[in-house]
Amino acid sequence: MVPDPRCAKEHVTDLDPRWRSIALAAADAAAAVTRRWFRSLAAVEHKPEASSPIVTIADRQAEQAMRAILSDRLPDHGIFGEEEGATNADARYTWVLDPIDGTIAFASGKPLYTTLIALCEDQRPVLSVIDQPILGERWVGSGGETTLNGSPTVIRPVARLSEARLGSTTPGPLMTAGVWEAFSRVQSAVHVTTWGGDAYNYALLSSGHLHLVVENELEWYDWAALVPVVEGAGGIITDWSGAPLGETAGRSQVLAAASPALHAAALACLQSAS
């Protein structure tokens, strides 16, 4: 059974301090794999018939390396990974893994992919890692704080869309009627838009380099690790209706902002009539 990725509203208990170190150990294991295969032409497989046209050996091996650590040290916890699905799906605590978020960037030799690790309590993200092993950058969000390589991150809030730098991976998934129109209203109001980046954009937002990220069609393993990192840095992350991510089952539309005022302004654009 695949877990229904909906955020629970129960009180979150104090996290076992071991879990953070285990998350970092899993990130180290995945980083060793992806660094080894980065810019290796042998790593890439093309699957035009699949929903994702590219998969790599590194995706599979990195997830296997993380699963080995998690299942050994926390056998009562569940695991849900992009490559291998769910294990122990009814567990209260579940690790949600995306071994390479940004597989196209990875396959193209761009150091913008990330490994995403999230610990969810009753399917609500409470601890997460966004790791970029080529650049040596690791964001960790937990307990209402986000750090980059051990130092607290600082967001740079702006109040007006006209001042904001917007990040989004690609216009492709946004091209359906209505969805693209909604995104375009935000894009036309911001100062500048940068394309590409996948989950790396949310890490950049938490460090003050971007102010908005707007995306469509994100799976649980795509967005679970984003939530503690963005919120721990003082940002806001919801769906396009303003609800917490995961309240509606299925793929999510994601809006992350560096300030409440900016979030409200972007939300108004997304929801306004065309």
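Throughout, numbering of the chain's residues begins at 1 and tracks the sequence. Only a predicted model underlies this, so the values are computations on that prediction, with no experimental measurement involved.
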* Do S259 side-chain atoms and P157 backbone N/O form a donor-acceptor pair below 3.5 Å? -> no
* Atom CE in M66, atom CD in E63: separation rounded to 0.5 Å? -> 6.0 Å
* Evaluate whether atom CZ of R160 has more than 12 neighbouring non-hydrogen atoms of other residues, nucleotides or ligands under 6.0 angstrom away. => no
* Structure fact -> Value for CD (Q64) from CG (D59), rounded to nearest 0.5 Å, stands at 10.5 Å
* Do I236 and L270 share a hydrophobic cluster, counting only Ile, Leu, Val, Met, Phe, Trp and Tyr and linking them when any side-chain heavy atoms are less than 4.5 Å apart? -> no
* Considering all heavy atoms, the nearest L212-A266 contact -> CD2-CB, 4.0 Å
* Asked: For the hydrophobic clusters of this structure (ILVMFWY residues joined by side-chain heavy atoms under 4.5 Å, transitively), does one cluster hold both V230 and V154?
  -> no
* To do: Quick one: closest heavy-atom pair of A27 and V129, and the distance?
  => CB-CG1, 4.2 Å
* Hydrophobic clusters join Ile, Leu, Val, Met, Phe, Trp and Tyr when side-chain heavy atoms are under 4.5 Å apart, directly or via other members; which others share one with V33? -> W37, F38, I57, I100, F106, Y113, I134
* Below 4.5 Å, heavy atoms only, C-beta onward: do I130 and L226 meet side chain to side chain? -> yes
* Transitively linked via ILVMFWY side-chain contacts under 4.5 Å: Y202 with I155? -> no
* Can you find a heavy atom in the side chain of L15 that is under 4.5 Å from one in the side chain of R20? -> no
* Asked: What class does the angle between the rings of H77 and W19 fall in, given that below 30° is parallel, 30 to 60° is tilted and above 60° is perpendicular?
  -> perpendicular
* Determine the interplanar angle of the W223 and W220 rings, folded into 0 to 90°, and report it as parallel if under 30°, tilted if 30 to 60°, perpendicular if over 60°. => tilted
* Starting from the C-alpha separation in whole Å, work towards a yes-or-no answer on side-chain contact (heavy atoms from CB on, under 4.5 Å) for R73 and R18. => CA-CA 10 Å; R73 301 189 191 182; R18 295 179 305 143; over 6 Å; no
* **Side-chain donor or acceptor of D198 paired with backbone N/O of T114 under 3.5 Å** => no
* Checking R185 side chain against S272 main chain: does a donor-acceptor pair fall under 3.5 Å? -> yes
* Qualifying residues under side-chain hydrogen bond (donor to acceptor under 3.5 Å, both in side chains), relative to S108, sequence neighbours excluded -> none
* Same hydrophobic cluster for F80 and L218, using side-chain heavy-atom links shorter than 4.5 Å among ILVMFWY? -> yes
* **R138 backbone acceptor or donor facing N149 side chain under 3.5 Å** => yes
* Asked: Do the non-hydrogen side-chain atoms of L166 and V213 ever get within less than 4.5 Å of each other?
  -> no
* **Donor-acceptor contact below 3.5 Å, side chain H191 vs main chain R165** => no
* Supply the atom-to-atom distance L24 CG to D28 CG, rounded to the nearest 0.5 angstrom. => 7.0 Å
* Asked: Roughly how far, to the nearest 0.5 Å, is CG of L74 from CG of N88?
  -> 11.0 Å
* **Interatomic spacing from CG in L119 to CD1 in I79 - rounded to 0.5 Å** => 11.0 Å
* To do: Compare all side-chain heavy atoms of T87 with those of S71 and state whether any distance is below 4.5 angstrom.
  => no
* Asked: Do side-chain atoms of D101 reach the backbone of A199 as a donor and acceptor pair under 3.5 angstrom?
  -> yes
* Structure fact -> Closest non-hydrogen atoms of A203 and S206, given as atom of the first, atom of the second and distance, are O-OG, 2.7 Å
* Considering all heavy atoms, the nearest S207-T153 contact -> OG-CG2, 3.7 Å
* To do: Would you check if Q123 and T94 make a side-chain contact, meaning some heavy-atom pair closer than 4.5 Å?
  => no
* To do: Working to the nearest 0.5 Å, report the span between CG of L116 and CG of D222.
  => 7.5 Å
* Could you tell me whether a side-chain N or O of E215 sits under 3.5 Å from a main-chain N or O of S168, the two making a donor and an acceptor? => no
* Verify, without hydrogens or angle tests, whether W139 (side chain) and D131 (backbone) share a donor-acceptor contact under 3.5 angstrom. => no
* Asked: Can L70 and L97 be said to form a side-chain contact (heavy atoms from CB on, under 4.5 Å), step by step?
  -> CA-CA 11 Å; L70 296 170; L97 310 175; 4.0 Å; yes
* Asked: P228: what forms a side chain to side chain contact (heavy atoms under 4.5 Å, CB included) with it, not counting sequence neighbours?
  -> P125, S128
* To do: List the atom of Y221, the atom of D98, and the distance in Å for their closest heavy-atom pair.
  => O-CB, 3.4 Å
* To do: Could you verify whether a donor N or O on one side chain and an acceptor N or O on the other, from N216 and Q253, lie under 3.5 Å apart?
  => yes
* Asked: Do you know the tightest heavy-atom contact between T115 and P99?
  -> OG1-O, 2.7 Å
* Asked: Do any N or O atoms from the side chain of D72 and from the backbone of I69 form a donor-acceptor pair under 3.5 angstrom?
  -> no
* L210-L135 co-clustered via ILVMFWY side chain contacts under 4.5 Å -> yes
